[in-house]
Amino acid sequence: QVQLVESGGGLVQAGGSLRLSCAASGSIFSINSMRWYRQAPGKQRELVALITSGGSTNYADSVKGRFTISRANAKNTVYLQMNSLKPEDTAVYYCAADLRTYATMQNGDYWGQGTQVTVSS
């Protein structure tokens, strides 16, 4: 069984910073892409940032230059450093991983439970 557990959310003032972490655990053979999504109240879930197994990254236009995604492969962990936060960044942030388990030896998407980020003005 695979679990993804996010941490690091909270309340911060506009202009502040937060660092989110997401650790994958369980019977994991390999991890391909790791991603961060967010969903604000009344809005659709959107992709915030993605990092491949090789370290290539991609960002939503709304967070470019402010957010940085990184990963520690040895720890099966992905991070999201969020700087210069704005009230519009307020959302539940979810991590997801495209990974292969020893049990199935097939790729599948796994999701964390989400962590709340609230940016006050």
Side-chain angles (χ1 to χ4, degrees):
Q1 189 172 357
V2 173
Q3 279 190 316
L4 273 66
V5 179
E6 299 106 333
S7 60
L11 174 64
V12 65
Q13 287 189 331
S17 298
L18 282 175
R19 188 192 195 209
L20 305 183
S21 300
C22 173
S25 63
S27 185
I28 298 170
F29 176 76
S30 63
I31 301 179
N32 298 320
S33 69
M34 302 187 82
R35 311 177 304 276
W36 286 100
Y37 292 82
R38 66 185 180 187
Q39 187 166 21
K43 294 188 177 182
Q44 288 188 330
R45 188 171 297 187
E46 63 171 344
L47 177 64
V48 175
L50 171 152
I51 186 166
T52 67
S53 57
S56 297
T57 59
N58 199 10
Y59 297 92
D61 288 342
S62 58
V63 306
K64 280 181 182 176
R66 299 188 298 121
F67 290 10
T68 301
I69 189 171
S70 61
R71 63 192 282 176
N73 290 331
K75 297 181 180 180
N76 289 339
T77 299
V78 63
Y79 306 97
L80 186 67
Q81 178 66 44
M82 305 185 294
N83 299 329
S84 302
L85 282 161
K86 304 175 181 180
E88 51 263 44
D89 294 318
T90 295
V92 178
Y93 284 70
Y94 299 89
C95 71
D98 172 24
L99 58 84
R100 180 173 297 188
T101 67
Y102 280 104
T104 65
M105 291 306 282
Q106 291 183 347
N107 284 36
D109 249 11
Y110 292 80
W111 290 77
Q113 80 289 349
T115 185
Q116 177 70 47
V117 171
T118 303
V119 185
S120 63
S121 56

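Fair warning: this is a prediction, and the values are worked out from it, not measured in the lab.
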Checklist entry - Taking the inter-plane angle between the rings of W111 and Y94 on a 0 to 90° scale, is it parallel (under 30°), tilted (30 to 60°) or perpendicular (over 60°)? => result perpendicular
Shared-cluster residues of [X], by chain and number - hydrophobic side chains joined below 4.5 Å:
X    : value
F29  : Y102, M105
Y110 : V2, L4, V12, L18, L20, I28, I31, M34, W36, V48, I51, Y59, V63, F67, I69, V78, L80, M82, L85, Y93, L99, V117, V119
Y79  : none

Checklist entry - When rounded to the nearest 0.5 angstrom, what distance separates NZ in K86 from CZ in R66? => result 4.5 Å
Checklist outcome for this item: So OG of S33 and CG of N58: to nearest 0.5 Å the spacing works out to 11.0 Å
Next on the checklist: For a 4.5 angstrom cut-off between non-hydrogen side-chain atoms, does Q39 reach Y37?
Outcome noted: no
Item to check | Lys/Arg N to Asp/Glu carboxylate O, D61 vs K64, below 4.0 Å | outcome: yes
Next on the checklist: Salt bridge check, D89 against R38: does any charged N sit closer than 4.0 Å to a carboxylate O?
Outcome noted: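 Judged by the 4.0 Å cut-off on N to carboxylate O distance, R38 and D89 do form a salt bridge.
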Next on the checklist: With disulfide bond (SG atoms under 2.5 Å apart) as the rule and sequence neighbours excluded, what pairs involving residues 7-121 come up?
Outcome noted: C22-C95
Strictly distance-based, threshold 3.5 Å: is any side-chain N or O of [X] a donor or acceptor partner for the main-chain N or O of [Y]?
X    : Y    : answer
E6   : G114 : yes
Q113 : V5   : no
T90  : E88  : no

Checklist entry - Quick one: side-chain hydrogen bond (donor to acceptor under 3.5 Å, both in side chains) pairs with a partner in residues 7-26, sequence neighbours left out? => result S17-N83
Next on the checklist: I'd like to check the salt bridge (Lys or Arg N to Asp or Glu O under 4.0 Å) partners of R71; sequence neighbours left out, ordered by chain and number.
Outcome noted: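 Not a single residue meets the salt bridge (Lys or Arg N to Asp or Glu O under 4.0 Å) criterion with R71.
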Checklist outcome for this item: Nearest heavy-atom contact between A91 and A40 is CB-N, 3.8 Å
